[in-house]
Every structure is written in structure tokens, then in C-alpha cells.
Amino acid sequence: MSGEVNGVRETVVVARHLLPAGMQPLRGRFEVVEGGLDATRPRLLELVPGAAALVADPAVPVDAELLDACGPGLRVVANFAVGYDNIDLDACRERGVVVANTPDVLTQATAELALALTLAAARRLSEAERDLRAGRWTGWDPAAYRGLELRGGTVGVVGLGRIGLRYAELVAALGAEVLYVARSAKPAAERELGARRLELAALLEAADVVSIHAPAGPETRHLIGERELGLIGSGGVLVNTSRGSLVDERALAAALAGGRLGAAGLDVYEDEPSVAEELLAAPNAVLLPHIGSASVASRDAMALLAADSVIAVLDGREPPSRVA
Ligand code: NAP
């Protein structure tokens, strides 16, 4: 029976937590061990020896130390995310470990969240709600909380991949003009949405809203820093649902505090789960706790896809989505 070696069930270690949609197919075939959401690094190092598969997530750095702690029987790391910046791909390749992720099934949920952050930041929803809850609302005021409308506005998408494209379709449907930056041209988006490809600096200058959807990595670290924030400008909105490392958070907090950037909508941070005090203090920032893919449908589908990847590789097949 697959899932067994010499009559002994193989072990799948879930570093933190996997939803029932993913647990169920694994439990029938393997010995499954879960670290729990509060699993510390030392606890994880204790848990993984002998693992044939490791299910990780963006909060779990998968490096040479962890791979070596798993031992030579490890064949697959299934990441419960589309981004895989938490994984040392070279270290996995060197050890013959397959790496899989969960693309597509979270595209709609994450694009919708980016749209929600766009609207919330552009229309100052957090600021207005905070005032109401604190009893600072003194009555209808024609001049209060005035923000940006998307219709007739210009939205710059940095990284027109799966999520960036879906987000572009959503803002285009609301009447925004779409600009984009990507490594390669996207003729279908240009044809169907009228999207225009620009260099990053030109996009930042032209856009009212800039939404980040490029992956994290050495190439994109602090892609948006002090200079870039200045180009977006005091009337502009920055949205980031990609990864915290793409934006220089100190520069962002300073730009918001100094009025050099209009507003920001963030789902991701440089040092999660801690969030810089200066950002927490910024009135014109909408801050969410990394919930881009957190719809019921998306998270269940991600869990199932991560389990499918484990089962495929341990059965000697290609996983549905392989990144290394
Ligand atoms: P994707 O389909 O691979 O799209 C990434 C896009 O970024 C591609 O269009 C790529 O261009 C572009 N790109 C790559 N390097 C770039 C650079 N240096 N400058 C500008 N653009 C660059 O990935 P996806 O599925 O849309 O996911 C995007 C990211 O969203 C993931 O990496 C992940 O970190 C993040 N994410 C976050 C959440 C959340 O919970 N907040 C949920 C899901 C995903 P080419 O097409 O030309 O190669």
C-alpha cells in the first residue's frame, strides 16, 4: 500500500496547522504529526526527524537546518501558500526534495482582498470607523473623509501575474485605467483591459493607486522605498497584499506621517506578526493581519492542494504545482 515503507506508515509533519480539508486525505494514508500554530523553532526541529513530507506555510522558514533535521527520507515540502520566499529552494534541490505550492485557488480571494484594501484606503474607511467608535463623529460634514473614486482614476499594478491580473480586471470593471509593471508584456491584458505597460517610476508617478503583486525575493526587496513613495505622492494610495519585504516599512510610515503619501492598505509586513509602531500610529493606513487568501473556499482548496502534493510525490508522481 502506498504511504507505507516495509509495512510502516510514512510520516507527514505539518509544521503548524492544516485545515480538515487537507488533513482528511492525509490521515487515511500516513502518520500525520502537527506542530500547532504556536510551534517554536526548537519544537519543530524536535518534531521533523524521519518526516517523508513537510507541510509548511509562510511563517515557517524552511532552510538547510530544518531540512537536515528532517533527514534523508524527506521527499517533499508542500507550502500552504503560492509565495515560497520562506523556502530555501537551492537547499531543497541539493537534497533532492521537491517543493510544491498552492497557486490559482487563492487568486480570487487575494484579488478581492486587494480591492477591499484599495477601496478602504482610498475612502479612508478605517479612519472614519475609528472616529465613529471613539465618539468623535459630531455629525454629517460635507468636507469630512473625502477620498478617491476609482472610476476615472488610474491604478498601477506592480506584477501582472495571476492575482495582479484578477485585481486589474476588478478595478477596470469599476472604471479605472490600468497601468502595469511586469517582467514580460501581457498582450491579452493590454487588449482586453486596455492596460498599459510602463517602467516602475513612470507607473508610480501616473497612478492614483499602486497595488503590489510581484513575488518576494532579493530582486524585489524594498522595491518601494522613500523615492518611490515620493513618486506616488501625497494624493496617492499604496496597497500591498504581496509580501512585506517589497516595501520599506520605515520609509512608508515616515511618508504617511509626513503627508508625502496619501494612504496605504496593507495585508503584509516586513517582520510578521510584529507591525512597526509608526505604522500602527498612522491614521491613514488600513492594516490587516495577512488574510489575503482567507476565504472559506480558498483556504479549503489550498489545504486540499497541499495534501494532493504530498500524496503525489510520496506516490512517485509529479505534484499538481511544483516550484522546485
Ligand atoms: P504570479 O502569477 O507568479 O505573478 C507574479 C507577477 O510578478 C508576474 O506577473 C511577474 O512577471 C511579476 N514579477 C516578477 N518579478 C518582478 C519584478 N522584479 N518586478 C515586477 N514584476 C515582477 O504570482 P501570484 O499567484 O499572482 O502571486 C503573487 C504574490 O502574491 C505571491 O508571490 C505571494 O507572495 C503573494 N500572495 C499573498 C497573499 C496574501 O495572503 N496576502 C495570498 C496569495 C499570494 P512575469 O509574469 O513577467 O514573470
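Computed from a prediction, not measured in an experiment: that's the story for all the values here. For ligands, and for the atoms within them, numbers begin at 1 and follow the listed sequence.
Partner of Val77 under the side chain to side chain contact (heavy atoms under 4.5 Å, CB included) criterion, out of Asp88, Val60, Val98, Leu67: Leu67 alone. Leu26 pairs with exactly one of Leu314, Val32, Asp308 by the side chain to side chain contact (heavy atoms under 4.5 Å, CB included) rule, that one being Val32. With respect to Tyr167, the side chain to side chain contact (heavy atoms under 4.5 Å, CB included) criterion is satisfied by exactly one of Thr241, Val155, Leu160, Leu113: Val155. A side chain to side chain contact (heavy atoms under 4.5 Å, CB included) with Val14 holds for exactly one of Val33, Asp57, Val55; it is Val55.
Residue contacts with ligand 1 do not include Pro103, since none of its heavy atoms lies under 4.0 Å from the ligand. Residue contact annotation: Ser242 has a non-hydrogen atom under 4.0 Å from ligand 1.
Regarding atom 20 (C) of ligand 1, its nearest protein heavy-atom neighbour is Val181 CG1, 3.9 Å. The nearest protein atom to atom 38 (C) of ligand 1, hydrogens excluded, is given as Thr241 O, 3.6 Å; this is a heavy-atom distance. Atom 31 (C) of ligand 1 has Val82 CG1, 3.9 Å as its closest protein atom, hydrogens excluded (heavy atom only). Taking atom 30 (O) of ligand 1 as the reference point, the nearest protein heavy-atom neighbour is Ile163 CD1, 3.8 Å. Scanning the protein heavy atoms around atom 12 (C) of ligand 1, the nearest turns out to be Gly159 CA, 3.7 Å. Nearest protein neighbour of atom 13 (N) of ligand 1, counting heavy atoms only, is Pro215 CD, 3.8 Å. For atom 9 (O) of ligand 1, the closest heavy atom belonging to the protein is Gly161 N, 3.0 Å.
Glu112 is not listed as a side-chain neighbour of Leu115, based on a closest heavy-atom distance of 4.5 Å or more.
In this structure, the side chain of Thr154 does not engage the main chain of Glu177 through any donor-acceptor pair within 3.5 Å. Checked by atom type and distance alone, the side chain of Tyr269 pairs as donor or acceptor with a backbone atom of Leu266 at under 3.5 Å. Without hydrogens or angle criteria, Arg197 side chain to Arg183 main chain gives a donor-acceptor distance under 3.5 Å. No donor-acceptor pair under 3.5 Å is formed between the side chain of Arg151 and the backbone N or O of Gly175. Of the possible polar contacts, none joining the Arg123 side chain to the Leu125 backbone as a donor-acceptor pair under 3.5 Å is found. The backbone N or O of Arg136 lies less than 3.5 Å from no partner atom in the side chain of Asp131, so there is not a single donor-acceptor pair.
The distance from atom CG of Leu279 to atom CZ of Arg250, rounded to the nearest 0.5 Å, is 11.0 Å.
Between Asp85 and ligand 1, a contact under 3.5 Å exists for no N or O pair. Ligand 1 has no nitrogen or oxygen under 3.5 angstrom from a nitrogen or oxygen of Thr220. Residue-to-ligand polar distances keep Thr110 apart from ligand 1: every N/O pair is separated by 3.5 Å or more. Ligand 1 has an N or O atom lying under 3.5 Å from an N or O atom of Gly292, backbone or side chain. For ligand 1, the polar-atom distance check against Ala214 finds no nitrogen or oxygen pair separated by under 3.5 Å.
Considering all non-hydrogen atoms of both residues, Leu66 and Pro61 come closest at CD2-O, 3.7 Å.
Listed by number with element, the atoms of ligand 1 under 4.0 Å from a non-hydrogen atom of Ser293 are 40 (O). Close approach to His290 involves these atoms of ligand 1, each under 4.0 Å from a residue heavy atom: 39 (C), 40 (O), 41 (N). Against a heavy-atom cut-off of under 4.0 Å, Asp267 is close to the following atoms of ligand 1: 39 (C), 40 (O), 41 (N).
Under 4.0 angstrom from ligand 1, the non-hydrogen atoms of Arg162 come from both its backbone and its side chain. Only the backbone of Leu160 comes within 4.0 Å of ligand 1, counting heavy atoms alone; no side-chain atom from C-beta on gets that close.
Residue nearest to atom 10 (C) of ligand 1, selected from Met302, Arg166, Arg183: Arg183 (by heavy-atom distance). Which of Glu219, His213, Lys186 comes nearest to atom 29 (C) of ligand 1 through a heavy atom is settled by distance: it is His213.
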